[in-house]
Amino acid sequence: MTIDPYKIKKFWNENPVGSNFIDYEKGKSFYEKYDTFRYRTEGHILSELDKIDFKKKKVLEIGLGQGADSMHIINRGAIYYGIDLTEESVRRVKERFELYKLPYQEVLVGNAERLSFDSDFFDIVYSHGVIHHSENIYNIVNEIHRVLKKDGRAVIMLYHKNSFNYHVSISIFRRLGLILLIPFPFLIKLISKVTGENPERIRKHSTNLKTQGRTYFKMRNFIHKSTDGPDNIFSSVWTANTSQKLFKDFSEIVTHVHFLNERHLLGLQYILPKSVKHSLANRYGWHLWIHATK
């Protein structure tokens, strides 16, 4: 499958990460609301950032979103550079930096498949949930390796294939839910309430199924539409083993798993003990964190 990269850029320019949960408005209020939502949902991100020594390190972030992690990286003492494929994300991140008076070196529109930076330039490259949206992810990892200094570190989050979300939520629950909507379209509101999914997204899934038929459910198609909404263009999923191959040019690779999206538990989140949910997240979570040393 060959993907038009313009379509990927267009989708993310029109749908910056988190925009389906927090509506954008100019000013600090939006960023405060977004950050509260992000770290309430994915609090492990901050603990992961705490493990990294950013002080006086040249850091490149690939894929900026709303700039939430960017701000924490800068506040931890990094000499910060950022790139994003989309103009909208770059605009918002620069707006955030101006509002919070944050120092940075460069924030650029750019394609991580062809980084504009010199070789052996950065101490750390950080990217959270971004590069798996490129069909040319191997090129991106090669570029990350190139721009890192010797002993520099890549800290990357990819979607995890051996997860509850992939094998249960996407593979079973979402398919069954969409099948139920064929004879019972009025269930959209109930499904939205149970899962927390936007009803418009559910309607678009239903439309896609009617238009494309059973081929929509084939995982080579359905995975792209089940990670970041029914209009998402491309996503890939990875395991600890396949990520080892992806980062094969690095001298040391360590992986671990986070994030059990409780919206996918369909009510069980209110019954299961925290210890059980924590154990599930650490083994079958949706976020595969990779620490790779050059």
Side-chain angles (χ1 to χ4, degrees), residues 1-22 24 30-31 34 38 42 45 58-74 78 80-98 102 104-119 121-122 124-148 154-159 223-238 243 246-247 287-290 292:
M1 178 173 61
T2 301
I3 303 293
D4 181 354
Y6 172 76
K7 290 182 178 179
I8 295 176
K9 177 173 181 172
K10 183 175 185 293
F11 171 76
W12 288 108
N13 204 52
E14 294 173 356
N15 302 276
V17 64
S19 57
N20 55 310
F21 295 107
I22 307 294
Y24 173 77
F30 164 73
Y31 296 106
Y34 176 79
R38 179 173 178 80
E42 303 173 49
I45 295 174
K58 284 185 178 178
V59 178
L60 172 65
E61 183 178 13
I62 296 174
L64 310 180
Q66 311 285 358
D69 296 356
S70 319
M71 185 164 76
H72 281 279
I73 290 169
I74 291 171
Y80 181 87
Y81 297 75
I83 71 160
D84 196 279
L85 190 62
T86 71
E87 289 83 1
E88 181 60 19
S89 183
V90 166
R91 185 195 69 76
R92 293 190 189 190
V93 169
K94 286 184 175 180
E95 178 182 83
R96 177 194 282 262
F97 288 178
E98 177 63 26
L102 297 172
Y104 66 96
Q105 299 301 306
E106 289 184 288
V107 174
L108 307 169
V109 175
N111 189 333
E113 297 170 17
R114 298 178 299 277
L115 292 172
S116 60
F117 302 100
D118 293 338
S119 299
F121 187 76
F122 292 104
I124 299 168
V125 175
Y126 173 83
S127 183
H128 187 276
V130 176
I131 67 173
H132 50 219
H133 293 299
S134 170
E135 191 179 23
N136 300 313
I137 188 171
Y138 279 89
N139 292 355
I140 295 176
V141 173
N142 289 339
E143 280 291 273
I144 291 171
H145 186 273
R146 179 184 67 79
V147 301
L148 277 171
V155 181
I156 311 293
M157 188 280 277
L158 302 177
Y159 290 147
I223 186 61
H224 310 306
K225 309 304 179 182
S226 298
T227 59
D228 294 85
D231 294 316
N232 180 48
I233 306 301
F234 184 85
S235 295
S236 58
V237 290
W238 298 81
S243 64
L246 179 62
F247 288 83
H287 292 178
L288 176 67
W289 282 68
I290 300 157

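Since the model is a prediction, treat every value here as computed from it, not as a measurement.
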- Sequence neighbours excluded, which residues qualify as side-chain contact (heavy atoms from CB on, under 4.5 Å) partners of L288?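 Residues passing side-chain contact (heavy atoms from CB on, under 4.5 Å) with L288: H160, W238, S243, T255, V257, I290.
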* N20: partners by side-chain contact (heavy atoms from CB on, under 4.5 Å), with sequence neighbours left out ->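 For N20 the side-chain contact (heavy atoms from CB on, under 4.5 Å) partners, ignoring immediate neighbours, are R201.
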(message) Could you tell me if K58 sits above the aromatic ring of Y81, with its cationic atom closer than 6.0 Å to the ring centre and no more than 45 degrees from the axis?
(response) no
Answer whether the closest heavy-atom distance between the side chains of [X] and [Y] falls below 4.5 Å.
X	Y	answer
Q66	V93	no
L148	F121	no
H128	W289	yes
E88	E14	no
I62	L60	yes
Y104	K94	yes

Notebook entry, point to check: Hey, are K225 and D231 close enough for a salt bridge, meaning a charged N less than 4.0 Å from a carboxylate O?
Noted result: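 Salt bridge flag = no for D231 with K225.
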* Charged N to carboxylate O under 4.0 angstrom, E95 versus R91? ->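 Counted as a salt bridge, because a side-chain N and a carboxylate O are separated by less than 4.0 Å.
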| query | F234 and H133: ring-ring contact (aromatic ring centres under 6.0 Å, His included), yes or no, with the steps? | reply | CA-CA 5 Å; F234 184 85; H133 293 299; 8.0 Å; no
Give me the atom names and distance for the closest heavy-atom approach of [X] to [Y].
X	Y	result
V59	A78	CG2-CB, 3.7 Å
F97	S70	CZ-CB, 3.8 Å
D228	S235	OD1-OG, 4.0 Å

Set out, in order, the CA-CA distance, both residues' side-chain angles and the distance that settles side chain to side chain contact (heavy atoms under 4.5 Å, CB included) for V125 and V147, then state yes or no. CA-CA 9 Å; V125 175; V147 301; 4.1 Å; yes
Taken to the nearest 0.5 Å, the spacing of H132 NE2 from I223 CD1 works out to 10.0 Å
query: Going from CG on N139 to CD1 on I131, what distance comes out if it is rounded to the nearest 0.5 angstrom?
result: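 Spacing of CG (N139) from CD1 (I131) equals 11.0 Å.
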Exercise for the section: Look at the rings of Y24 and Y31 and say which category their plane angle falls in: under 30° parallel, 30 to 60° tilted, over 60° perpendicular. Expected result: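 Ring orientation of Y24 relative to Y31: perpendicular.
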Per-pair distances, 0.1 Å, donor-acceptor, side chain in residues 106-118, under 3.5 Å, sequence neighbours excluded:
unit_1 : atom_1 : unit_2 : atom_2 : d
N111   : OD1    : E113   : N      : 2.9
E113   : OE1    : N136   : ND2    : 3.3
E113   : OE2    : S134   : OG     : 2.7

